[in-house]
2 protein chains.
Amino acid sequence: MKYSKQRELIYKKLKANPIHPTAEEVYLQLKPEYPAISLATVYRNLNKLAQNNTIKKIQGLDASDRFDHNTHEHYHFICEKCHRVYDVDLELLSYINDNVSNYNVKSFDLLLKGICNNCKDL
Amino acid sequence: MKYSKQRELIYKKLKANPIHPTAEEVYLQLKPEYPAISLATVYRNLNKLAQNNTIKKIQGLDASDRFDHNTHEHYHFICEKCHRVYDVDLELLSYINDNVSNYNVKSFDLLLKGICNNCKDL
DNA sequence: TATAATAATGATAATTGTTATTAGTTTGGT
DNA sequence: ACCAAACTAATAACAATTATCATTATTATA
């Protein structure tokens with residue numbers, strides 16, 4: 001994989017970002033400091049980094065794919081009101097390995113939904 | 001919810017179908033015996049039945065939403081080659097309840113990916 | 001250092017999956 | 001039978017993503 005300034009900026013932006021942004025959110029945040037950047041480039045590079053396991057792609061939480069620089073084992077909770085995404089620390093890998101034997105599981109994800117504490121009293 | 005012939009047919013088709021079809025697959029299977037049916041009607045009714053908990057909507061496995069008439073606890077494994085979807089029996093509910101305390105989890109899903117036995121030698 | 005090969009880019013068109021709209025039809029309670 | 005509500009088919013609209021393409025940047029090699 002060749003170096004590109006754009007990819008470096010995209011990755012840095014993601015690392016600085018705890019909100020598990022969508023490609024478009026990364027794009028919009030990058031635009032002010034690098035106005036020439038293209039949305040397609042952001043999509044391309046986030047997906048490429050995810051293939052590399054440099055970052056993680058979160059699919060199925062809501063309509064858009066989201067990205068996470070944190071590749072350690074953890075899962076995500078999305079608030080159905082405010083759509084904020086939170087990290088959930090949970091050990092599932094061994095549980096899945098021990099209990100799913102009849103399939104050759106290469107990857108899996110756990111997606112949690114509900115109402116977050118910020119929203120519960122609104 | 002008022003009765004409609006179309007919804008009955010859609011539900012019957014899903015019940016007869018172990019492959020966790022997408023809305024479009026249900027539509028295509030229904031078309032020959034009910035040519036007037038519309039794709040939008042299939043979407044509408046599958047979503048409505050899922051809201052009722054009559055069926056279950058599986059999101060995040062691949063690009064399309066899939067539907068499952070089986071509402072008992074189980075999860076899904078998708079083959080990354082043939083895109084077939086398999087049932088995975090697993091008890092996770094109590095594990096999640098016991099281990100995720102800081103979020104008010106209303107629903108969750110576990111999505112598994114890999115290569116199925118049919119495809120592993122191809 | 002010049003050059004060639006390759007992989008990246010920005011801009012935008014195209015595609016895909018899904019939902020909304022609309023005008024008209026079916027249903028069930030009175 | 002009448003009426004309002006819920007339904008329908010068809011299709012337009014929409015949002016998210018990917019593909020295309022001409023150009024530019026990066027890397028390897030002569």
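Just so we're clear, the structure is a prediction, and the values are computed from it rather than from any experiment. Each chain gets a letter, A, B and so on, in the order its sequence line appears, and its residues count up from 1.
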Point-to-point distance, once rounded to the nearest 0.5 Å, from CG of N47(A) to CG of D65(A): 7.0 Å

Heavy-atom side-chain contact between T54(B) and Y11(B) under 4.5 Å: yes

In numerical order, the residues of residues 51-71 of chain B whose heavy atoms come under 4.0 Å of DNA chain C are A63(B), S64(B), D65(B)

Of the nucleotides dT27(C), dT18(C), dA8(C), which one has an atom closest to the side chain of R7(A)? dA8(C)

Could you list by number each residue of residues 40-49 of chain A showing a heavy-atom separation from DNA chain C of less than 4.0 Å, or answer none if no residue does? A40(A), T41(A), R44(A), N45(A), K48(A)

Taking CE from M1(A) and C1' from dT9(C), how many angstroms apart are they, rounded to a whole number? 15 Å

Once you round it to whole Å, what is the distance between P of dT27(C) and CD of E8(B)? 11 Å

Calculate the interatomic distance between H83(B) atom NE2 and dG17(C) atom C1'; express it in whole Å. 15 Å

Taking only residues at least two apart or on different chains, which pairs with a member in residues 26-42 of chain A satisfy side chain to side chain donor-acceptor pair (under 3.5 Å)? Q6(A)-Y34(A), K13(A)-E33(A), N17(A)-Q29(A), Y27(A)-K31(A), T41(A)-R44(A)

Using 0.5 Å steps for rounding, measure from the NE2 atom of H69(A) to the NZ atom of K15(A). 7.5 Å

Give a yes or no on whether the backbone of H20(B) and the side-chain of R66(B) come within a donor-acceptor separation of less than 3.5 Å. yes

May I ask you to verify if any side-chain N or O of S4(A) is less than 4.0 angstrom from the OP1 or OP2 atom of dT9(C)? yes

Closest non-hydrogen atom pair between M1(B) and N52(B), with its separation: CE-ND2, 2.9 Å

What's the CD1-P distance between I37(B) and dT11(D), to the nearest Å? 15 Å

Is the shortest side-chain N/O distance from Q6(A) to OP1 or OP2 of dG10(C) below 4.0 Å? yes

Taking atom NZ of K57(B) and atom CZ of F67(B), what is their separation to the nearest 0.5 Å? 5.0 Å

Protein-nucleotide distance (I10(B), atom CD1; dT8(D), atom C1'), rounded to Å: 11 Å

Show which side-chain atoms of residues 99-118 of chain B pair as donor or acceptor with protein atoms under 3.5 Å away, not counting sequence neighbours.
from: N99(B); atom 1: ND2; to: Y95(B); atom 2: O; distance (Å): 2.7
from: Y103(B); atom 1: OH; to: D87(A); atom 2: O; distance (Å): 3.3
from: N118(B); atom 1: ND2; to: Y86(B); atom 2: OH; distance (Å): 3.4

In whole Å, I'd like the distance from the CG atom of L39(B) to the C1' atom of dT18(C). 9 Å

Give the rounded distance in Å between these two atoms: NZ of K5(A) and C1' of dA8(C). 15 Å

What residues from residues 17-28 of chain A pass a heavy-atom cutoff of under 4.0 Å to DNA chain C? none

Heavy-atom pair of closest approach, residues L92(B) and E73(B): N-OE2, 2.9 Å

Residues two or more places apart in sequence or in another chain: which of them pass salt bridge (charged side-chain N to carboxylate O under 4.0 Å, His left out) with D68(A)? none

Let me check something: do I37(B) and L28(B) share a hydrophobic cluster, defined by ILVMFWY side-chain heavy atoms less than 4.5 Å apart, either directly or through other members? yes

